[in-house]
Amino acid sequence: MPMKPPGGVPASVFADMHPYRQELESYARLPEKGRDQQDILRELRQLAGREDARWETGQCSGSYYHAGREHFAFLNQVYGLFSHVNLLQRDMCPSGTKFEGEIVSMTARLLNSACVKAPDEVVGAVTSGGSESIMLPMLVYREKARAERGITVPEIIAPATAHPAFDKGAWYFGIKLVKVPAGPDFLADVEAMRARINSNTVALVGSAGNYPHGLVDPLERLSDLALEHQLCMHVDGCYGGFILPWLERLGYDIHKFDFRLPGVTSMSCDTHKWGYGPKGASVVLYRNRALRHYQYFSMTDWAGGLYASPTFAGSRSGGISAATWAAMVSLGEEGYLEIVRQIMAVADTIKKGVADIREIKLAGNPTFCLAFMSDVVNIYHVNDYLASRGWRMNGLQSPPGFHFCITRPQTVPGLAERFLADLRAGVAYAKTPPPHPPESGAVYGAAAAYPPALVNQVIFGQIDESYQV
C-alpha cells in the first residue's frame, strides 16, 4: 500500500479491503426478516473457499498454522460441543477446569517445568493469544515491584526485536519499556541491556524466537544477568515455544530457552500456532503461584456479589479451550514430532538452496523461519517479484528484508524447489528493476521515509476502514 502525501488518506487507498461490496448484500442494520440458514451457509462456504484457496497453495508465509483439514474438522466438532459454555462460571462447567488445567500442565512440562525445584509450582493460565500472554506478565511485574519494592515508575528492558505486544503492554500499564538495539547478529545485546539496568528496572525480556528473524536470543546469559540483579525475566515463546522443543528432540542445535534457566520467571507460548489449536488461545506460565496471583483481579464489595477473573477477559467460550485441549491430546508427542520433521525438510531445503544465491543472505542461523536480506540488490524488488508469482512473504524493516515462516501448508511436494526458482528469478529482476520504487518498500520503508505521524495516519485509516460496511 503506497504511502500518500499529507492532507488526508483517500478512501481509494483502502478499496481492496472490500472485495465483496459489489457482489454480496451488505448489512448496516438488522434485516427486517431473518435470512434462511442454508442460504447463509451457502454464501459463507463460498467466501471461505475463496479465501482458503490463497493459503492452501503453501505460498503464504506463516499466518495459517494447521495440522491438516481433517484435524481442523475435528476441532470444529469439539468446539461446537462447548461453544455456548461460559468459562467464567466454573460451577456450571467443570469441564473448563479440566481442559485449562491440563493445557497449562502439558505446556509447562513441554517447557521443562520438571527442572524447577518444585515442578508443580510452575503455574499459568489460558489466554486469548500471544499479546495477552505477554502483557499479563508485564502487569505482574509492575504490581510486584509496587508491592515489594515501592517502585512507582517500573522499567522493563527488551531487545528492539521483541514483539510489539511489549510496547502495547507498556502503553496500557504505564511501564517504561527500555528498547535496546539488537546486535549485528540480530540477537539481544546482553551487555547493552546490562548497561540500561537501574533502580527502577523490574524485568528483562528475551525471545525464543523473535518474530522478525525467528532467532533465539542468548537467554542463558540473560538468565544469569537477571539472577545477578535479582530481576524477573520473561521469555516470549509465542513464536517458538511449541516448535523449539521438537527441534531439540530432532537433534537441531537449540540453546536452552525455558524453565531449565533459573532466571526465567515467566513464559508465553501460543497453542494457536505450532500447538495447532484454534485461533484465540495461548498460555502464560509463571515459575510460582505467588507471581500468578499478581495478575488476578477480584472485587469483594460489588452489588452483584463477589467477582474475580484470572485474565483480561470475563466471559469466554469454552469451545476454544476444549478444542485446544483436543488438539494437544489428539496429536501427542508423536504427531508433533512428525509435523516438525515435515516442516524442517522444507526449511532445510530452502536454506541449502539460498546458500548458492550469492546476492541473498539469511539473518543468523535460522530454523523454521528464514529472514532474507541483501547487500547487493534491493530486497523489496525481490519481494515484489515473489508477490507477482503468488507468494505472500512477511516484510521486514530496519534492516530491509522479508521472512518466510515455514508451516505445515508449505510441506506440499515441490514447494521448496518452486520457491528457490522464483527467488533466483526475483534476484535477476531486482538487478534490472523497473523505474518505479518497489511497492514493498513503500510499505516497510515508510517509517524511515515519512514522519511517524503521517505513517500512523495511514495505519489508523486502515484500521478504521476495517470496521466500515
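Hydrogens, waters and symmetry mates are skipped; everything else that's a heavy atom, side chains included, is used.
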Got a sec, which residues hit ring pair (Phe, Tyr, Trp, His ring centres under 6.0 Å) with [X], two or more places apart in sequence or on another chain?
X      : result
His66  : Trp55
Tyr296 : His293
Phe372 : Phe402, Phe419
Tyr385 : Tyr429

If only atom types and distance count, is the side chain of [X] paired as donor or acceptor with the main-chain N or O of [Y] below 3.5 Å?
X      : Y      : value
Ser105 : Glu102 : no
Asp236 : Asn210 : no
Ser321 : Gly318 : no
Thr324 : Ala322 : no
Asp217 : Leu219 : no
Ser330 : Ala326 : yes
Asp384 : Glu439 : yes
Arg316 : Ala313 : no
Ser298 : Ala308 : no

For residues 356-363, tabulate all N or O donor-acceptor pairs below 3.5 Å that involve a side-chain atom, not counting sequence neighbours.
from, atom 1, to, atom 2, distance (Å)
Glu359, OE2, Lys431, NZ, 2.6
Lys361, NZ, Asp375, OD1, 3.3
Lys361, NZ, Asp375, OD2, 3.0

Holding to side-chain contact (heavy atoms from CB on, under 4.5 Å), I want the full list of residues that pass it with [X], two or more places apart in sequence or in another chain.
X      : result
Tyr20  : Glu23, Leu24, Leu47, Arg50, Glu51
Tyr211 : Tyr239, Asn394, His403
Asp348 : Tyr252, Met344, Lys351
Ser128 : Glu132

field: Verdict with supporting geometry, Thr300 and Tyr307, side chain to side chain donor-acceptor pair (under 3.5 Å)
entry: CA-CA 7 Å; Thr300 60; Tyr307 179 90; over 6 Å; no
Would [X] and [Y] pass as an ion pair if we require N to O under 4.0 Å?
X      : Y      : answer
Arg42  : Asp39  : yes
Arg196 : Glu155 : no
Glu248 : Arg260 : yes
Glu100 : Arg90  : yes

query: Which is it for Tyr27 and Arg35 under the side chain to side chain donor-acceptor pair (under 3.5 Å) test, yes or no, and what are the steps along the way?
result: CA-CA 12 Å; Tyr27 297 94; Arg35 284 180 56 184; 3.2 Å; yes
- prompt: Say you draw a straight line from OG of Ser315 to CD of Gln89; how long is it, rounded to the nearest 0.5 Å?
  reply: 6.5 Å
task: Supply the atom-to-atom distance Leu139 CG to Thr311 OG1, rounded to the nearest 0.5 angstrom.
output: 11.5 Å
statement: Of all heavy-atom pairs linking Ser61 and Cys405, the shortest is OG-N, 2.8 Å
message: For Pro218 versus Ala188, what's the shortest heavy-atom pair and its separation?
response: CG-O, 3.5 Å
query: Hey, would you say the Tyr336 and Trp274 ring centroids sit under 6.0 Å apart?
result: no
Could you check if a side-chain atom of [X] sits within less than 4.5 angstrom of a side-chain atom of [Y], using non-hydrogen atoms only?
X      : Y      : value
Trp246 : Leu110 : yes
Val329 : Met106 : yes
Ile40  : Asp36  : no
Ile343 : Gln410 : no
Val235 : Asp258 : no
Leu415 : Val412 : yes
Leu337 : Arg341 : yes
Arg389 : Arg418 : no

Let me check something: any side-chain donor-acceptor pairs from residues 280-291 under 3.5 Å, sequence neighbours excluded? List them with distances.
from, atom 1, to, atom 2, distance (Å)
Ser282, OG, Ser133, OG, 2.8
Ser282, OG, Cys269, O, 3.1
Ser282, OG, Asp270, OD1, 2.6
Tyr286, OH, Gln295, OE1, 2.7
Arg287, NE, Val264, O, 2.6
Arg287, NH2, Phe259, O, 3.3
Arg287, NH2, Leu261, O, 2.8
Arg287, NH2, Val264, O, 3.1
Asn288, OD1, Ala290, N, 3.2
Asn288, OD1, Leu291, N, 2.9
Arg289, NE, Glu121, OE2, 3.0

message: Please list all pairs meeting ring pair (Phe, Tyr, Trp, His ring centres under 6.0 Å) that have one or both residues in residues 81-108, counting only residues at least two apart or in different chains.
response: Phe82-Phe99, Phe99-Trp325
message: Does Ser207 form a side chain to side chain donor-acceptor pair (under 3.5 Å) with His163? I'd like the steps, not just the answer.
response: CA-CA 8 Å; Ser207 301; His163 194 277; over 6 Å; no
field: Chi angles and distances behind the side chain to side chain donor-acceptor pair (under 3.5 Å) call for Thr265, Tyr141
entry: CA-CA 10 Å; Thr265 52; Tyr141 298 144; 2.7 Å; yes
Counting only heavy atoms from other residues, nucleotides and ligands, does the tally under 6.0 Å from [atom1] of [X] exceed 12?
X      : atom1 : value
Arg149 : CZ    : yes
Glu148 : CD    : yes
Met299 : CE    : yes

- prompt: Do Asp189 and Arg194 pass the salt bridge (charged side-chain N to carboxylate O under 4.0 Å, His left out) test, and can you show the C-alpha distance, the side-chain angles, and the key distance before you say yes or no?
  reply: CA-CA 9 Å; Asp189 186 333; Arg194 177 193 297 275; over 6 Å; no
task: Using distance alone, with no hydrogens and no angle criterion, decide if His213 and Thr161 have a side-chain donor and acceptor under 3.5 Å apart.
output: no
task: Using only heavy-atom distances, determine whether the side chains of Glu220 and Ser223 contain a donor-acceptor pair under 3.5 Å.
output: no
Got a list of side-chain donor-acceptor pairs under 3.5 Å for residues 175-185, not counting sequence neighbours?
from, atom 1, to, atom 2, distance (Å)
Lys179, NZ, Asp167, OD1, 3.2
Lys179, NZ, Asp167, OD2, 3.2
Asp185, OD1, Leu187, N, 3.1

